[in-house]
Novice: 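Okay, here's the structure, questions in a sec.
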2 protein chains.
Amino acid sequence: MPKSKSYKLVAEPADLPPEADQAHRFEKARTAQATALLEDYAELISDLIGTEGEARPTDIARRLGVSHATAIKSIARLKREGLATSKLYRGVFLTPAGEMLARRARARHRLVVDLLVAVGVPQEAAEVDAEGIEHHVSDETLRAFATYLGRA
Amino acid sequence: MPKSKSYKLVAEPADLPPEADQAHRFEKARTAQATALLEDYAELISDLIGTEGEARPTDIARRLGVSHATAIKSIARLKREGLATSKLYRGVFLTPAGEMLARRARARHRLVVDLLVAVGVPQEAAEVDAEGIEHHVSDETLRAFATYLGRA
DNA sequence: TTCGATTTGTAGCCTCGGCTACAATTAGGC
DNA sequence: GCCTAATTGTAGCCGAGGCTACAAATCGAA
Ligand SMILES: [Mn+2]
Ligand SMILES: [Mn+2]
Ligand SMILES: [Mn+2]
Ligand SMILES: [Mn+2]
């Protein structure tokens with residue numbers, strides 16, 4: 001992950017050229033996309049461990065609909081970023097950081113599906129669309145969803 | 001149960017293994033992501049032509065927050081896919097297919113922002129998040145949004 | 001225990017979308 | 001009209017995330 005200047009706490013000057021705003025939005029979307037894969041893997045690994053007792057690369061690959069080679073390479077990225085570990089022929093595990101990411105991803109995923117259904121989106125469409133939408137929902141937006149659903 | 005008469009590409013037998021559903025959702029999200037860049041460019045080019053009279057690569061790059069080399073390369077992809085044309089030093093234009101894509105992208109973008117605001121998301125957060133969310137909103141979900149907003 | 005099937009890992013290829021550096025073209029001020 | 005600045009385009013690099021093909025390790029049934 002490219003260092004991502006995390007100046008989220010810094011107030012953003014209101015006197016920037018107008019197109020800078022737009023550029024900043026696109027940049028946020030690109031950043032979100034860069035973490036989407038990590039979030040999906042973390043959530044899935046956590047699910048598999050919970051339901052199957054273990055998360056094997058082959059199962060991960062089948063659930064994601066990618067080749068096992070692709071899954072293994074992505075798992076390598078998770079390890080590189082300190083989110084997962086794995087022992088040869090013994091499955092993949094999440095580090096504390098990975099667990100935390102998985103928990104938040106799962107909670108957000110559920111909230112997004114519930115919000116969509118609450119505003120009238122059919123269940124199956126909500127499930128499908130949420131898989132992509134979830135990665136672009138900020139904490140602020142998530143709080144608004146929770147409030148709307150009466151779970152503030 | 002998993003119905004939704006799909007396109008000719010993927011035949012969906014009703015008795016698929018349960019994890020195939022999940023794989024299919026992930027695949028949809030990946031497909032949506034593959035077209036996200038095209039949609040953003042088409043929408044932006046259309047906007048620039050509308051407000052500035054022309055869409056020059058440099059302006060496109062600045063609005064997107066990427067280098068002009070990146071923008072030019074992406075514009076090449078739009079041309080390759082029949083969505084845009086350009087004359088040397090004379091800006092970028094949209095083909096009819098590109099215009100159509102831009103129109104739909106803009107309408108969807110607006111509906112997504114409006115939906116977010118309607119459920120209580122602050123305006124600025126809605127604008128930011130919509131830039132990513134929009135690409136994962138299916139037609140079915142979009143219709144539900146329109147209905148919710150009373151624009152059925 | 002042995003041996004074939006499954007699982008896991010590696011190697012190499014591809015496209016995409018970032019970037020910088022540099023080259024060429026055009027536009028504009030003087 | 002000339003020269004500089006801006007714009008546009010090209011070349012080459014990179015990492016991410018797809019893929020297939022092949023190799024190695026493990027598992028499990030006979
Ligand atoms: Mn997802
Ligand atoms: Mn998810
Ligand atoms: Mn967008
Ligand atoms: Mn948009």
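Everything numeric here is computed off the predicted structure, so don't read it as measured data. Each chain gets a letter, A, B and so on, in the order its sequence line appears, and its residues count up from 1.
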Novice: Does the side chain of B/E39 come under 3.5 Å of the side chain of B/H135 through a donor N or O and an acceptor N or O?
Specialist: yes
Novice: Write down the protein N/O and nucleotide N/O pairs, taken from nucleotides 2-7 of chain C, whose separation is under 3.5 Å; answer none if there are no such pairs.
Specialist:
unit_1 : atom_1 : unit_2 : atom_2 : d
C/dT7  : OP1    : A/R56  : NH2    : 3.4

Novice: Between A/R90 and C/dG9, is there a side-chain N or O to OP1/OP2 distance below 4.0 Å?
Specialist: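 For C/dG9, OP1/OP2 do not have a side-chain N/O of A/R90 under 4.0 Å.
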Novice: Expressed in angstrom and rounded to an integer, what is the separation of B/I72 atom CD1 from C/dC22 atom C1'?
Specialist: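 After rounding, the reported distance stands at 13 Å.
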Novice: How many angstroms lie between CG in A/D129 and CG in B/D139, if you round to the nearest 0.5 Å?
Specialist: 9.5 Å
Novice: Round to a whole Å and report the spacing from NZ of A/K87 to P of D/dA25.
Specialist: 19 Å
Novice: Without decimals, in angstroms, what is the distance between A/I60 CD1 and D/dG17 P?
Specialist: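 Taking atom P of D/dG17 as the reference, CD1 of A/I60 is at 15 Å.
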Novice: Compute the ring centroids of A/H136 and B/H136, then answer whether they are less than 6.0 Å apart.
Specialist: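 They qualify: ring centres under 6.0 Å apart.
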Novice: In plain terms, say whether B/R63 and B/D47 are close enough for a salt bridge, that is, a side-chain N and a carboxylate O under 4.0 Å apart.
Specialist: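 Looking at B/D47 together with B/R63, the answer is no, because their closest N to O distance does not fall below 4.0 Å.
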Novice: Using whole Å, what does the distance between atom P of nucleotide C/dT8 and atom NZ of A/K79 come to?
Specialist: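 Taking NZ of A/K79 and P of C/dT8, I get 12 Å after rounding.
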Novice: Roughly how far apart are B/L37 CG and A/Q33 CD, rounded to 0.5 Å?
Specialist: 11.0 Å
Novice: Is the shortest side-chain N to carboxylate O distance from B/E124 to A/R25 below 4.0 Å?
Specialist: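 Between A/R25 and B/E124 there is a salt bridge, with a charged N closer than 4.0 Å to a carboxylate O.
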Novice: I'd like to know if B/E81 pairs up with B/R77 as an ion pair, taking the criterion as any Lys NZ or Arg NE/NH1/NH2 lying under 4.0 Å from an Asp or Glu carboxylate oxygen.
Specialist: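 Looking at B/E81 and B/R77, the cut-off is met.
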Novice: Using 0.5 Å steps for rounding, measure from the CD atom of A/E19 to the CG atom of B/L44.
Specialist: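 With rounding to 0.5 Å, CD (A/E19) is 11.0 Å from CG (B/L44).
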Novice: In the 5'-to-3' direction, what one-character label does each nucleotide of nucleotides 12-21 of chain C receive under the scheme B = base within less than 4.0 Å of a protein heavy atom, S = sugar-phosphate only, - = no such atom?
Specialist: BB--SSBBB-
Novice: When the distance from CD of B/E54 to C1' of D/dA6 is rounded to whole Å, what number comes out?
Specialist: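 Rounded to whole Å, this separation is 13 Å.
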